[in-house]
Amino acid sequence: MAPPAVLSIAGSDSGGGAGIQADLKAFAYAGVHGMTAITALTAQNTVGVTGIHPVPAAFIVEQVRAVHEDIGVDAVKIGMLGTAATVRAVSRALDLLPPTTPIVIDPVMVSESGAVLLDDEARQAIVTELLPRATVITPNLPEARVLAGSHQSEPASWAHTGDASDDVADLATTLHALGPAHVVITGGHRDEIVDVFYDGIEIHTLTGERFPDGAAHGSGCTHSSTLAAHLALGATPLEAAQAARSAASRAVQHGLRDIGKGAGPVDVLNVAVRALTARQLGATDPKGHLSARDIMRP
Ligand SMILES: Nc1ncnc2c1ncn2[C@@H]1O[C@H](COP(=O)(O)OP(=O)(O)O)[C@@H](O)[C@H]1O
Ligand SMILES: Cc1ncc(COP(=O)(O)OP(=O)(O)O)c(N)n1
């Protein structure tokens, strides 16, 4: 039987750490077929973003139409959008899909290296045009504050917000009132990494270990793509959020700190290869970065 097919509508990271590139790895790790509708090309590495080239609105819609008409879309993850014109194009593209299609929105605003990836008009358009259509939204804490209107969108001090004084549960309630069915505020920017899940009735806290020495570029993309994949596989939103927290966290733990001079990328596939190796060889390789080819070697 064919695996579910999941579509990422997001930007390309030329450095391979975040965006579409991270999404496809997360889809492969979750065991679904990954598809893409690229919204923008970024010239990006581990230290910064030197250019952004938006994809024309009509071509974003065409990419979605192409995969929908032939393959079908079992869930959607939405990442970097950049401009209001792109937000509107994505909204039009979603109209092509059955209204029951699960939609996960990661409202990407700032890269780990500090580059602004969403302008102010686009932020407003996301609130009015996309949030009400979302099955789950997955802002990190600074993004949640901006969407809730309690913070400006400057990237300063985004890297780490310490032990936030905000009541994150209140923030989740405020965001839920904007229309999404479920809210997950991810906890990577806090001292204690706790994701907060709200379904309109009850707050759940998703806890787990913090890996301060890992590599976290692309952790948000890995999280939201895993969540979309698990919805396509039939998980409930809470189960999918738990799977996403776990996959993103282990991808940070095994992240590639030595790639580039800045914040290294997460490595979700290395997690899978280690698990396979452990199962097949009865041992783990705590240090080496193995490839699938390594473990297939006779
Ligand atoms: N240092 C870390 N240790 C463990 N898990 C982490 C770490 N940083 C991020 N994560 C995981 O990645 C997810 C997304 O991270 P976060 O930093 O909140 O998003 P973003 O990358 O969008 O800023 C979190 O929910 C958490 O599961
Ligand atoms: C093209 C592109 N999309 C998204 C991001 C941000 O990635 P994310 O995983 O949300 O955040 P960081 O972990 O990189 O902070 C990006 N940089 N580029």
Side-chain angles (χ1 to χ4, degrees), residues 3 6 8 10-34 36 42 44-49 77 79-80 104 106 108 110-113 115 117 138 140 159-160 186-189 193 195 206 208-230 233 240-281 283-297:
V6 183
S8 170
S12 161
D13 169 2
S14 56
I20 287 282
Q21 289 79 356
D23 297 343
L24 287 176
K25 289 184 209 172
F27 291 156
Y29 179 56
V32 300
H33 174 65
T36 62
T42 69
Q44 181 172 180
N45 54 30
T46 63
V47 291
V49 176
K77 171 250 160 90
M80 175 187 168
V104 177
D106 179 6
V108 172
V110 175
S111 73
E112 179 142 356
S113 56
L117 301 175
T138 65
N140 61 29
H160 190 73
T186 61
H189 295 251
I193 300 198
D195 292 357
L206 314 181
E209 213 177 326
R210 175 184 177 80
F211 299 104
D213 300 326
H217 175 46
S219 55
C221 300
T222 302
H223 176 275
S224 50
S225 298
T226 303
L227 207 160
H230 280 262
L233 288 163
Q242 283 160 335
R245 202 246 173 263
S246 159
S249 166
R250 279 185 295 145
V252 170
Q253 180 187 11
H254 298 292
L256 305 173
R257 278 173 299 170
D258 300 333
I259 294 263
K261 300 179 187 67
V266 293
D267 189 355
V268 75
L269 285 180
N270 195 254
V271 176
V273 170
R274 277 163 197 274
L276 264 178
T277 309
R279 213 175 307 143
Q280 292 191 341
L281 306 179
T284 47
D285 174 355
K287 276 224 172 113
H289 291 293
L290 299 167
S291 68
R293 202 182 48 189
D294 289 331
I295 60 169
M296 297 305 286
R297 232 173 240 149

K.L.:
Mind checking what makes side chain to side chain contact (heavy atoms under 4.5 Å, CB included) contact with Ser111, not counting sequence neighbours?
P.N.:
Gln44, Val49, Ser113, Ala115, Leu117

K.L.:
Look at the side chain of Asp195 and the backbone N and O of Gly187, then say whether any donor-acceptor pair between them is shorter than 3.5 Å.
P.N.:
yes

K.L.:
Quick check for you: to the nearest 0.5 Å, what is the distance between Ile20 atom CD1 and Lys77 atom NZ?
P.N.:
8.0 Å

K.L.:
What are the two closest non-hydrogen atoms of Glu209 and Ser249, and how far apart are they?
P.N.:
O-OG, 3.8 Å

K.L.:
Checking the side chain of Thr46 only, and the main-chain atoms of Gly262 only, is there a donor and an acceptor separated by less than 3.5 Å?
P.N.:
yes

K.L.:
For the CZ atom of Arg250 and the CZ atom of Phe211, what is their distance to the nearest 0.5 Å?
P.N.:
9.0 Å

K.L.:
Could you check whether any side-chain heavy atom of His217 comes within less than 4.5 Å of a side-chain heavy atom of Ile259, counting everything from C-beta outward?
P.N.:
no

K.L.:
Identify the residue among Val252, Thr186, Ile193 that makes a side-chain contact (heavy atoms from CB on, under 4.5 Å) with Ser219.
P.N.:
Val252

K.L.:
If you measure from CZ on Arg210 to CD on Gln253, what distance do you get to the nearest 0.5 Å?
P.N.:
13.5 Å

K.L.:
Of all heavy-atom pairs between Pro3 and Gly31, which one has the smallest distance, and what is that distance?
P.N.:
CB-O, 3.6 Å

K.L.:
Using every non-hydrogen atom in the two residues, find where Ala247 and Tyr29 come nearest and quote the distance to one decimal.
P.N.:
CB-CE2, 3.9 Å

K.L.:
Name all residues meeting the side-chain hydrogen bond (donor to acceptor under 3.5 Å, both in side chains) criterion together with His230; count only those two or more places apart in sequence or in a different chain, and write none if there are none.
P.N.:
none

K.L.:
For Gln21, give me all partners under side-chain hydrogen bond (donor to acceptor under 3.5 Å, both in side chains), at least two apart in sequence or on another chain.
P.N.:
Ser12

K.L.:
Can you tell me how far the CG atom of Asp106 sits from the OG atom of Ser225, to the nearest 0.5 Å?
P.N.:
8.0 Å

K.L.:
So which atom in Phe27 and which in Gly34 form the shortest heavy-atom distance, rounded to 0.1 Å?
P.N.:
CD1-CA, 3.5 Å

K.L.:
Where do Ala215 and Gly264 come nearest, in terms of heavy atoms and distance?
P.N.:
CB-O, 3.3 Å

K.L.:
Enumerate the residue pairs fulfilling salt bridge (Lys or Arg N to Asp or Glu O under 4.0 Å) with a member in residues 213-226, sequence neighbours excluded, ordered by first and then second residue.
P.N.:
none

K.L.:
So, taking the atom named NE2 in His189 and the one named CG in Asn140, what distance separates them when rounded to the nearest 0.5 Å?
P.N.:
4.0 Å

K.L.:
Of all residues at least two apart in sequence or in a different chain, which pass the side-chain hydrogen bond (donor to acceptor under 3.5 Å, both in side chains) check with Ser8?
P.N.:
Asp23

K.L.:
Using every non-hydrogen atom in the two residues, find where Cys221 and Gly19 come nearest and quote the distance to one decimal.
P.N.:
SG-N, 3.3 Å

K.L.:
Would you please test Thr222 and Lys25 for side chain to side chain contact (heavy atoms under 4.5 Å, CB included) and show each step?
P.N.:
CA-CA 8 Å; Thr222 302; Lys25 289 184 209 172; over 6 Å; no

K.L.:
Residues in side chain to side chain contact (heavy atoms under 4.5 Å, CB included) with Ala241, at least two apart?
P.N.:
Val184, Phe197, Leu206, Leu227

